[in-house]
Protein chains: 2
Amino acid sequence: MTKIPTNKCQHCFINADAGGFCGQLDGSEISELRNLSRSSTLKRGTAVGSEELLMWPIIAISSGVISMQHLLEDGRKTIAALFLPGDIIDMRGMSPRHSGHLIALSRTEVCRMSPTIFEKIIETNPNAQRIAWNNLRKQTYRAIDHSADLAKKQALEKLASFIFECRRRQRSKVSDNSIHVPVRRVDLAEYLGMQPETVSRCFREMEQRKIIQLMDISNIKILNVPTLRRIANGDKNTKNLRRTNKDHFKVLSYG
Amino acid sequence: MTKIPTNKCQHCFINADAGGFCGQLDGSEISELRNLSRSSTLKRGTAVGSEELLMWPIIAISSGVISMQHLLEDGRKTIAALFLPGDIIDMRGMSPRHSGHLIALSRTEVCRMSPTIFEKIIETNPNAQRIAWNNLRKQTYRAIDHSADLAKKQALEKLASFIFECRRRQRSKVSDNSIHVPVRRVDLAEYLGMQPETVSRCFREMEQRKIIQLMDISNIKILNVPTLRRIANGDKNTKNLRRTNKDHFKVLSYG
DNA sequence: CGGCAAGTTGAGCCAGGTCAACTCCGGTGG
DNA sequence: CCACCGGAGTTGACCTGGCTCAACTTGCCG
């Protein structure tokens with residue numbers, strides 16, 4: 001955990017992005033925030049300790065992936081949420097006991113924002129406030145959507161939804177339907193409430209059905225978007241369906 | 001949808017509760033908000049229409065239960081989230097397409113807050129802002145916790161968690177472990193991602209194991225809190241366990 | 001190029017979904 | 001007041017998606 005060098009914020013994603021929180025701050029706000037905040041880098045597998053969380057409960061992610069994990073008594077583990085660059089995690093007043101543990105899933109750079117300054121900025125800078133509020137709302141609706149996925153969908157359907165979630169959240173909006181999967185198979189399985197074996201089998205099935213193509217372990221390309229969408233939406237009749245016309249399918253416009 | 005009579009707000013839960021949003025507003029704020037907001041009563045089963053949602057995207061619940069429902073292509077239905085009195089649902093910029101439909105699960109009184117006034121209050125009144133922010137955070141963590149429940153827990157465990165969720169959220173904190181279940185069996189099943197039959201079987205099992213007692217269809221009493229908690233936490237060895245001392249169990253302090 | 005973790009494949013099995021029959025209960029109308 | 005009705009909930013019997021376990025392959029890092 002180190003002080004944040006003056007030039008660091010310039011390259012940080014939280015600042016750089018037009019929608020980024022720090023991008024909304026004026027010179028004095030940003031220097032005040034920087035002086036009292038800390039930056040740190042987490043290796044895959046390291047948890048944000050509960051003591052640190054008391055001092056530094058507000059965590060903005062500038063790169064990498066952080067997961068919210070819940071552990072059951074008998075060792076079953078669940079990744080309940082994924083936080084990506086730009087997300088601001090507000091753990092004020094939360095103990096890991098109640099809410100799960102924050103664990104990095106890859107090399108992750110975070111900015112530990114000073115809660116007092118954060119609070120002050122939220123109160124005085126309406127633009128920054130709006131960004132933070134909308135980020136929190138997104139987290140809420142994402143979690144709710146994810147609940148819906150977990151509740152009734154089958155394995156293949158969950159995986160299809162997840163692919164769209166990746167596409168929706170990924171920074172670089174490329175046109176050729178290439179998707180970067182930011183987590184490993186095991187993590188993916190824990191996030192979707194299934195077994196790594198099942199994840200593997202589902203990827204295989206989609207590949208065999210020419211719906212996706214596995215470029216490498218963490219990059220896929222969607223070959224047949226409408227069918228993938230139908231699967232994600234829980235349509236059971238995607239198998240014996242002859243594709244006449246892409247646009248013929250009526251499809252929910254997620255993504 | 002009607003204008004809000006002057007005296008109505010005095011009895012409203014959103015105001016009355018010390019932590020309530022409207023309770024933080026001064027006289028002019030509250031009258032401004034009231035004048036431009038609308039109150040309405042929803043019968044069980046009615047949805048908040050998408051057109052209304054455009055005009056009135058901010059919904060505060062004063063009584064009853066509202067669910068966020070997702071519908072799959074083949075008719076499978078999921079209740080992804082439950083909103084209870086005091087919750088403020090901010091649907092600005094969301095279409096039901098993306099986020100699911102808001103459907104009342106009982107006779108529900110809501111206050112359709114004027115988005116402009118809401119926004120203005122959020123920007124100028126730090127106390128009200130804090131209430132709204134914390135409410136939204138709670139929604140987020142609730143949804144994340146719920147995801148964790150759905151992902152890896154078994155039916156009995158999910159139901160146990162749900163009972164604690166009810167306890168945590170219920171207004172009247174009674175001491176004798178009486179829990180009011182605010183939704184019907186079918187809804188409960190949809191919320192927990194299981195079948196009504198399974199819900200029924202699980203309640204039966206808990207009752208037979210003397211962990212809970214079913215007072216009537218919507219009221220239960222927890223007879224053995226530690227065991228219920230162990231089940232909710234995913235402990236598999238609750239069956240052949242002889243209770244020597246309540247406090248002997250090491251238990252996570254949810255609830 | 002060895003060693004280990006991550007991922008994949010196959011075979012068998014079980015929790016819970018499915019379907020059907022039944023009971024319970026609140027509302028309604030004669 | 002009671003007979004009727006329909007929806008909600010329950011119970012039982014059966015069946016299947018995906019979990020489990022074990023063996024294998026792949027890929028990464030020193």
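Order of the sequence lines sets the chain letters (A, B, ...), proteins ahead of strands, with each chain counted from 1.
- The aromatic rings of A:Tyr191 and A:His146 sit parallel to each other, their planes meeting at less than 30°, with 60° as the upper class boundary.
- Once rounded to the nearest 0.5 Å, the distance linking NZ of A:Lys158 with CG of A:Leu192 reads 6.5 Å.
- Looking only at distances, a side-chain donor or acceptor of A:Arg44 sits under 3.5 Å from a matching main-chain atom of A:Leu105.
- Between the P atom of D:dA8 and the CZ atom of B:Phe203 lies a distance of 17 Å, rounded to the nearest Å.
- The interatomic distance linking A:Lys152 (NZ) with D:dG18 (P) rounds to 14 Å, in whole Å.
- The shortest side-chain heavy-atom distance between B:Lys236 and A:Glu73 does not fall under the 4.5 Å cut-off.
- Residues B:Phe203 and B:Glu207 form no side-chain contact, since every pair of their non-hydrogen atoms from C-beta on lies 4.5 Å or further apart.
- Among the nucleotides C:dT9, C:dA6, D:dG9, the one closest to the side chain of B:Val186 is D:dG9.
- Rounded to whole angstrom, the span from the CG atom of B:Leu105 across to the P atom of D:dA8 amounts to 12 Å.
- Counting to the nearest Å, the P atom of D:dG17 and the CG atom of A:Leu159 are 17 Å from each other.
- Between the CZ atom of B:Arg184 and the P atom of D:dG9 there is a distance of 6 Å, rounded to whole Å.
- Per the geometry, CZ belonging to A:Arg204 stands 20 Å off P belonging to D:dG17, to the nearest Å.
- Distance, A:Ile220 CD1 to C:dG7 C1': 16 Å, rounded to whole Å.
- The main-chain N or O of A:Ile88 is found under 3.5 Å from a side-chain atom of A:Asn135 such that the two form a donor-acceptor pair.
- When rounded to the nearest whole Å, the span between CG of A:Leu214 and C1' of C:dT8 equals 12 Å.
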Seminar exercise, completed: For nucleotides 14-23 of chain C, 5' to 3', base contacts (B), sugar-phosphate-only contacts (S) and non-contacts (-) with protein non-hydrogen atoms under 4.0 Å give -SSSBBB---
